[in-house]
Amino acid sequence: MEFFERFAIPHPSPVIYASMVVIALTVIAIIAGLTYFKKWGYLWREWLTTVDHKRIGLMYLISALLMLFRGGVDAIMMRAQLAAPDNKLLDAQHYNEIFTTHGVVMIIFMAMPFIFAFMNYIVPLQIGARDVAFPRLNAISFWLFFMGAMLFNISFVIGGSPDAGWTSYFPLAGNEFSESVGTNYYMIAIQISGLGSLMTGINMITTIMKMRAPGMTMMKMPMFTWATLVANLIIVTVFPVLTVALAMGTMDRLFATNFFTSANGGMDMLWANLFWVWGHPEVYILILPAFGIYSEIISTFSSKNLYGYKSMVASMVIISVLSCLVWAHHFFTMGQGAASNSFFSITTMAIAVPTGVKIFNWLFTMWRGKIRFTVPMLYSIGFIPLFTIGGVTGVMLAMSAADYQYHNTMFLVAHFHNTIIPGVVFAMLAGLTYYWPKMFGFMLNERIGKWTFWLLSIGFVLAFFPMYITGLDGQARRMYTYSEATGFGTLNMISFIGAGIMAIAFALIVYNVYYSIRYSPRDIGSDPWDARTLEWATNTPVPEYNFAISPQVNSIQPFWDAKKKGHVLFPDKLDKIHMPNNSGMPFILCSIFFVWGFSFVFAIWPLVILSTIGIFACLALRSFEKDHGRYISVEEVKETEEKTGGAKL
Amino acid sequence: MKQLFPAKQVMGFVFSLILTAIALAVYFLDVSFTAGLTILIVTAFVQALLQLIVFMHAGETKDKWSIYGNVYFMIFIALITIFGTLFLFSWDM
Ligand code: HEM
Ligand SMILES: [Cu+2]
């Protein structure tokens, strides 16, 4: 019995018990469903073992949407608790657990896989490649992310959630103040998925550097591909810092080392330092691909070439360097002197300059363009003013002296949601709507989509703008309640209503998917938006080899030129196509990683050792495996092309 | 015969052993903390570069530029991080 006691949750509530039942029922339902409909083989062959970048992209997408809803439920609970003064819906401990989970889930397990979904699905198509450079590594990346996410998500029913914030500052996150296994989950789940991100970084950089279609020089790459390249360079630069910081934190908690303790020569501030050396570039890892998606959409729906291509590229490169030079703005109040604070203030404000250049470029792209107000375009247009407000408040926060007033208040919370929601989340929804017909062969309903956009924007403004005011008035972040005398009640109630409207908007997205599956026309061809770049030159559904013939690139918009200027996209003849084989190894390896992580969280050492051996066994097996891929014959290619509408041959 | 003998690699191997020995010596010899750490950092960097150039064949292909470019960029970022941290917590606190 004693062995099992460690799995009990330290601070239970009826809601958590109910969740356990729901989770158990869901798992049983899934297993029963798969068995009843005889789908196990299909699942294994087509999804669990796939190395196809498009399928991996879709799996990222589904995971990200699931996590969006998980994090969204957390958000609603927090807003409900704060809706009225002295509310008793959640107690302090539950509130701590919920805001920690919300932050981690949204950044690491929602936003990251969402951008990886688009990178995976779109980049190889945009550059005219047949897959990413290392397809099997790509599958490993996905499954590492997935297992990390699952590990993190079971924490609230097995052993207890982390409760030290998504930043997990020491000494609070140390054993002394965080006794439950929650913070172990934090350290290890993020470690596992972080390894996946690092591998994706290497994979994407190699893909973009090495696998572009003939004629596509660096300065002819589509903007989303550029954004992906720069974002992945940042990943490769800063994720190792996170890896090391997490490893040190894990050792402090499990092996009694003293890196981040306040006694015995440890330095707790070093955690905050290392965390933000990764953390600030991380927000740019998220926003740059979002910028890339906006660039594609704005150019398509303004029926114009992207304005200022070179300055767009240059500003992204400058942002990527600057983003590694600003991290101390997250702890201006930690006690260092005016000299270093001023330095980091100035570098931070400098980032606003290249960001501003991009904003103006989008505006100039729309200037005198024939604008079509589709749903993706609405998100992109809404993004510009809303995100700019987030940037302006960022510059306010960047002034270190003033930050003493703003730091750790709701003003900060308003700032980063103001950048992340109109910046990243809108981009993801815009991209989702834009690329949906390529992925699934039909459009999402425009009318419902427009409702969603407006509800989401209004809900967002109502939910977050009041926080600027309460923050300036002194409402602290991460406090589970406030007294009536503070007078924060009304504005928080408005926030709650805004959050509710956003929840309705997200529900509408689900309804839109359902509605469009039932009613959307299927005969939309492969280029429903009249777009410009190569991903739209493929058939829909995209065949597994993407392009039967490698496209020939002449400009930054080869597909447009092919449509309007008679550029010949596919000059060569059909040939047999070399493709990678599926493999079960990534899934098995990462399942072992899950066991490894779980036993690490609970310090079950025999299992840790066993699973470590398992991991190395998988690696060794891979080294001795001979797998040269397979060929798709010309006949098969012809057949597929005819089936998928290969008028282009 | 001369072409077949991988002189560069053998030299590299010997040199990397020497570097390892020097680093190890810090543990056994009675040097000051600062001196010890300096030795470790210098040998570590030389070792890394040696591995990269001799055994991972950086600079032997056409994409020499991108490999060294990456290395320089990473060194740049590492130095920024280290000196930034020193700036914050040692020189200005
Ligand atoms: C002009 C651009 C920006 C500037 C000048 C800026 C500045 C700042 C500053 C100074 C802080 C720390 C404030 C404090 O803790 O008191 C901060 C926090 C934050 N920013 Fe920004 N920011 C900018 C853009 C962005 C973007 C684009 C994102 C995300 C996509 C973002 C996400 C965040 C997050 C998540 C935090 C808070 C993290 C936490 O403490 O939990 N920011 N920003
Ligand atoms: Cu920052």
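Only this structure's heavy atoms are used, side chains among them; waters, hydrogens and symmetry mates stay out. So that the names make sense, note that chain A is the first sequence line, chain B the second, and so on, each numbered from 1.
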Notebook entry, point to check: Is atom CZ of B:F55 surrounded by more than 12 heavy atoms (other residues, nucleotides or ligands) closer than 6.0 Å?
Noted result: yes

To the nearest 0.5 Å, atom CE of A:M269 lies from atom CE of B:M93 at 4.0 Å

The interface call for B:I80 against chain A, heavy-atom contacts under 4.5 Å, is both

Sorted by chain and number, sequence neighbours left out, side chain to side chain donor-acceptor pair (under 3.5 Å) with A:T225 holds for A:Q126

Please check if atom OH in A:Y404 has more than 12 non-hydrogen atoms from other residues, nucleotides or ligands closer than 6.0 Å. yes

| task | Please step through side-chain contact (heavy atoms from CB on, under 4.5 Å) for the pair B:F76 and A:V321, ending with a clear verdict. | result | CA-CA 10 Å; B:F76 171 70; A:V321 176; 4.2 Å; yes

message: Could you tell me if the side chain of A:V236 sits less than 4.5 Å from the side chain of B:M74, heavy atoms only?
response: yes

Any idea how A:F331 and B:F89 line up, ring-wise: parallel (<30°), tilted (30 to 60°), or perpendicular (>60°)?
-> parallel

Under 4.5 Å to a heavy atom of chain B? For A:M334 that would be both

Table up the donor-acceptor pairs between chain A and chain B that sit under 3.5 Å, atom names plus distance.
{"residue": "A:K210", "atom": "NZ", "partner": "B:D63", "partner atom": "OD2", "Å": "3.1"}
{"residue": "A:N273", "atom": "ND2", "partner": "B:T85", "partner atom": "OG1", "Å": "2.9"}
{"residue": "A:G337", "atom": "N", "partner": "B:D92", "partner atom": "O", "Å": "2.6"}
{"residue": "A:G337", "atom": "N", "partner": "B:D92", "partner atom": "OD2", "Å": "3.1"}
{"residue": "A:S340", "atom": "N", "partner": "B:D92", "partner atom": "OD2", "Å": "2.8"}
{"residue": "A:S340", "atom": "OG", "partner": "B:D92", "partner atom": "OD2", "Å": "2.5"}

